[in-house]
Undergrad: 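Sharing a structure below in structure tokens format, with a few things to ask.
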Amino acid sequence: MSRRPKRTRTWIALATAVVASAAATLAVQQTASAATYTLPPVHGAFDYQIGGAYTPPTGVKIVSRDWKASPAAGLYNICYINAFQTQAPGDPGGPQDWDKNLLLKDSSGNVIIDPDWNEALLDISTSAKRTSIATKIQTQIDACATKGFKALELDNYDSYTRSNGKLTESNAQAYIKLLSAYGHNKGLAVGQKNTVELASNHVANGLDFAIVEECGDTGECADIVSAFGNNAIFIEYTSDGLSNACEYGSQVSVVQRDRDVVPKGTSGYVRQTC
């Protein structure tokens with residue numbers, strides 16, 4: 001699974017998003033076709049468990065876990081899916097498990113790899129390929145819904161920034177619209193993962209809340225709050241990042257985890273809150 005350290009990016013003004021966000025936050029429950037979905041509890045204590053499930057600490061109300069895991073009983077559960085990239089080669093869901101035509105390639109025909117996580121980028125450059133990729137990812141969304149998760153965390157929305165110019169913002173947004181519409185129809189809220197530069201478009205893209213890494217280190221927390229209001233979850237990996245993010249700790253969910261997000265009881269485990 002991918003835990004994406006954020007890159008510093010040029011911010012796009014969010015003035016139009018403030019109005020849209022205010023309207024979006026008036027109702028906790030939304031309607032999508034015949035299904036309804038519920039947003040995460042605002043400012044609810046959060047635990048990030050995508051590296052392995054364990055008993056949540058006392059007081060936690062929201063948990064994010066990998067789609068292969070089971071939800072935590074009695075809590076609001078977010079289902080993590082690596083939706084824009086494969087897993088690492090050799091791992092289940094790695095590039096060997098994908099049609100080669102759906103893997104993004106450079107001008108020499110080599111598959112483009114995310115160097116941080118050794119994951120192949122999926123080729124969402126055309127409508128036909130987006131549809132084929134979405135169909136495969138939708139089986140994971142089905143599993144999330146069947147297990148009783150309440151929301152989706154679709155990781156690597158920003159993969160176009162690592163595509164050597166082969167993918168665009170428009171490609172990413174067209175693809176995520178397919179997944180968000182499908183998730184809503186399954187009764188799942190859909191979170192925007194990182195990608196602050198597209199936050200102003202979150203309503204149009206069907207993204208209901210934000211789940212953001214390291215905004216305390218990059219200085220982007222205020223931008224996320226401007227776009228999403230209090231419907232946001234901040235994950236930090238450093239004590240300085242946590243300290244900065246805690247400026248918003250009375251409004252949104254904030255947690256510090258170790259970068260590998262290992263289960264409690266494992267060497268290297270870290271969990272701190274404001």
Undergrad: Which pairs count as salt bridge (Lys or Arg N to Asp or Glu O under 4.0 Å) when at least one residue sits in residues 224-246, sequence neighbours excluded?
TA: none

Undergrad: Tyr157 vs Phe84 aromatic rings, parallel, tilted or perpendicular, using cut-offs 30° and 60°?
TA: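 Ring orientation of Tyr157 relative to Phe84: tilted.
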
Undergrad: Could you go step by step and tell me if Gln251 and Val225 meet the side-chain contact (heavy atoms from CB on, under 4.5 Å) rule?
TA: CA-CA 9 Å; Gln251 302 169 248; Val225 171; 3.8 Å; yes

Undergrad: Do Asp217 and Asn244 get their side chains close enough for a donor-acceptor pair, meaning under 3.5 Å?
TA: no

Undergrad: How close do Ser159 and Leu167 get, counting heavy atoms only, and between which atoms?
TA: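 In this case the closest contact between Ser159 and Leu167 is OG-CD1, 4.3 Å.
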
Undergrad: With sequence neighbours excluded, give me every salt bridge (Lys or Arg N to Asp or Glu O under 4.0 Å) pair touching residues 263-274.
TA: Asp47-Arg271

Undergrad: Nearest 0.5 Å, please: how far is CD in Glu169 from CG in Asn201?
TA: 8.0 Å

Undergrad: Are Leu102 and Asp123 close enough that some pair of their side-chain heavy atoms sits under 4.5 Å apart?
TA: no

Undergrad: Using a strict threshold of under 4.0 Å (side-chain N to carboxylate O), is an ion pair present between Lys186 and Asp142?
TA: yes

Undergrad: Flag the pair Tyr54 / Tyr269 as yes when their ring centroid distance falls below 6.0 Å, and as no otherwise.
TA: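 That pair passes the under 6.0 Å test.
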
Undergrad: With a 3.5 Å cut-off and no angle check, do the side chains of Asn110 and Ser108 form a donor-acceptor pair?
TA: no

Undergrad: Specify the closest pair of heavy atoms between Ile224 and Ala232, including all atoms of both residues, with the distance to one decimal.
TA: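 Scanning both residues completely, I find the closest heavy atoms to be CG2-CB, 4.0 Å.
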
Undergrad: What pair of heavy atoms forms the shortest contact from Phe46 to Ser253, and how long is it?
TA: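 Residues Phe46 and Ser253, closest heavy atoms: CB-CB, 4.0 Å.
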
Undergrad: Can you tell whether the side chains of Glu119 and Arg162 come within less than 4.0 Å, N to carboxylate O?
TA: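 Salt bridge between Glu119 and Arg162, a charged N being under 4.0 Å from a carboxylate O: no.
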
Undergrad: Can you tell me how far CZ of Arg65 sits from OH of Tyr80, rounded to the nearest 0.5 angstrom?
TA: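 Rounded to the nearest 0.5 Å, the OH-CZ separation comes out at 16.0 Å.
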
Undergrad: Is there a path of hydrophobic side-chain contacts, each under 4.5 Å between heavy atoms of I, L, V, M, F, W or Y residues, that connects Tyr182 with Ile176?
TA: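 Yes, because Tyr182 and Ile176 connect within a single hydrophobic cluster, where side-chain heavy atoms sit under 4.5 Å apart.
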
Undergrad: Rounded to the nearest 0.5 Å, how far apart are CG of Leu207 and CG of Leu154?
TA: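 That separation rounds to 7.5 Å.
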
Undergrad: Hydrophobic clustering (ILVMFWY, side-chain heavy atoms < 4.5 Å, transitive) - are Leu75 and Ile62 grouped together?
TA: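 They do not share one cluster, since no chain of ILVMFWY contacts under 4.5 Å joins Ile62 to Leu75.
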
Undergrad: Hey, does Ile124 have a side-chain heavy atom less than 4.5 Å from the side chain of Tyr160?
TA: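 Counting from C-beta outward, Tyr160 and Ile124 never come under 4.5 Å.
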
Undergrad: Out of curiosity, Gln85 CD to Trp117 CH2, how far, rounded to the nearest 0.5 Å?
TA: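 Those atoms lie 11.0 Å apart.
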
Undergrad: Give a yes or no answer on whether the side chain of Gln96 reaches the backbone of Gly90 with a donor-acceptor pair at less than 3.5 Å.
TA: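 Yes; at least one donor-acceptor contact below 3.5 Å.
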
Undergrad: Applying the side-chain contact (heavy atoms from CB on, under 4.5 Å) criterion to Cys79, which one of Asp66, Ile141, Leu152, Ile50 satisfies it?
TA: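 Single pass found, and it is Leu152.
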
Undergrad: If only atom types and distance count, is the side chain of Lys105 paired as donor or acceptor with the main-chain N or O of Leu103 below 3.5 Å?
TA: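 Looks like yes, one N/O pair under 3.5 Å.
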
Undergrad: If you count every heavy atom of other residues, nucleotides or ligands that lies below 6.0 Å from Lys147 atom NZ, does the total exceed 12?
TA: yes

Undergrad: Does Tyr48 belong to the same Ile/Leu/Val/Met/Phe/Trp/Tyr cluster as Val63, with side-chain heavy atoms less than 4.5 Å apart forming each link?
TA: no

Undergrad: Looking only at side chains, do Asp99 and Ser132 share a donor and an acceptor under 3.5 Å apart?
TA: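 Short answer, no.
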
Undergrad: Between the side chain of Tyr76 and the main-chain N/O of Thr38, is any donor-acceptor distance below 3.5 Å?
TA: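 Side chain of Tyr76 to backbone of Thr38, a donor-acceptor pair under 3.5 Å: yes, one is there.
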
Undergrad: Is the number of heavy atoms from other residues, nucleotides or ligands within 6.0 Å of NZ (Lys150) greater than 12?
TA: no

Undergrad: My understanding is that only residues two or more places apart in sequence, or in another chain, count here; which of them pass side-chain contact (heavy atoms from CB on, under 4.5 Å) with Thr168?
TA: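 By the side-chain contact (heavy atoms from CB on, under 4.5 Å) rule, Thr168 matches Ser170, Asn171.
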
